[in-house]
Amino acid sequence: MSNSGKVEALIPRCLCSIENSDNLNIDFEDLCSVSMSWENGFVSELKPLKIKNKKPNNILFPRFVEAHSHIDKSFTWQEFPNLRSNYDGALSINLQEHKTRNTKKVLERAEKSLNLAIKNGYRAIRSHIDTYQNQGNDVWTDLFKLQKKYSSKLQLQFVALSPLDFWQTKNGKKLAKNFSIHKGILGGVVVPPFDKRETRKLLSKMLLLADQYKLEIDLHIDESITEPGAGVKLLLEVIDKLKIQVPITCSHLSSILFLKENEILNLGQKLADKNIKVVALPLTNFWLLNHKSKITSLKRPVAPIKQLQKSLVDVSIGSDNVQDPWYPFGDFDPLYMMSCSMPMLQLNPWERMTLSSIFLAPSRLLNLKWDGLIKKGCPADFVILDAQKWADVFSSTLKRKVYIRGNLHC
Ligand SMILES: [Zn+2]
């Protein structure tokens, strides 16, 4: 059978659930040796492998989940570079790009992104799509067709990223209604400086609209170096007042890093109480925020992952932009994202909470059927690397094989 096979591999201990774990051979980097078989696209056997003084030559991961991307603008850097590499430049060049975009261009970028993502080992992606008042709905019809076209290989989730006031217009309400059929997500930007009163009003309306159609919300919030936490504090205030339960994701949440330690923990507790999830986006934050052309500074905010996790917030790490005015590098490769993020954020790959933010939290964020834990009965959806230690995973000569439902993807 083509979708059956077997492998001897190392798997991070926290990413596999195994019976008879007493005999498990776990090395000092928390990689355990297992023997695994799969049939009809699902894992049929997973057992400890104990061969004295011999380690498997593979490291196996579940296929990855991207918590935050922008497939509608990826690869626009060539035409729309932001050579000053700052936030304001990115925003204004993004708007220039927007004037020239059409459905065909968006679909080409999206397909290029998805094909790369599948090849590199992703099984699901949440992508924000720029959405404006004067834009027709054609792009959405085609994007939902694309979602269906790729569904056997990759699960695609869309967020309509628009100015907050869009959600109180006729077109905004129409799109929200359409999203209730297609399970789209309402998006927006809450970045200071903003008019507090007006933003409070717009956020309330957006939350009520989401509640009306049972939709989720994912906000680009506090992606800033000023007014630490101003956006999230206002959001919490609005939620308290409305007393409604809408699933919410805070993407970026960078500036709260500048708050005092106990303030971060308190804020984290409030987010956890309301089951608000966070997506940390270190690559774009480190690239754009507090960019100085003449001095090298390390004062760059990113969501404080460890403090938020300590407060029991479910934090995912995402890649964000790929080769567009916001970020000139990347190619939908989860291993590139991991290689950059771990040293940046001082995250140990042999720790459970680190791998949770890369594999398990994103699966929960996207409400995927499979939580990403390798166990008997799970889908045979793997990325298998020619590697024996973490240093090999972050090496430039890395070779990988991607299995989708038990079949090698070529
Ligand atoms: Zn983004």
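Atoms within each ligand, like the ligands themselves, are counted from 1 in listed order. Note that this is a predicted model, so its numbers are computed, not measured.
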Backbone N or O of L289 within a donor-acceptor pair of the N86 side chain at under 3.5 Å? no
With a 6.0 Å cut-off on the ring centroids, do F382 and W38 count as close? yes
Less than 6.0 angstrom separating the ring centers of F158 and F144, yes or no? yes
Protein N, O or S atoms less than 2.8 Å from the Zn ion (ligand 1), ignoring waters? H68 NE2, H70 NE2, H220 NE2, D320 OD1
Answer yes or no: is there a donor N or O on one side and an acceptor on the other, between the side chain of E97 and the main chain of T76, under 3.5 Å? no
Suppose we call two aromatic rings close when their centres sit under 6.0 Å apart. Are Y132 and F166 close by that rule? no
Centres of the F179 and W140 rings: under 6.0 Å? yes
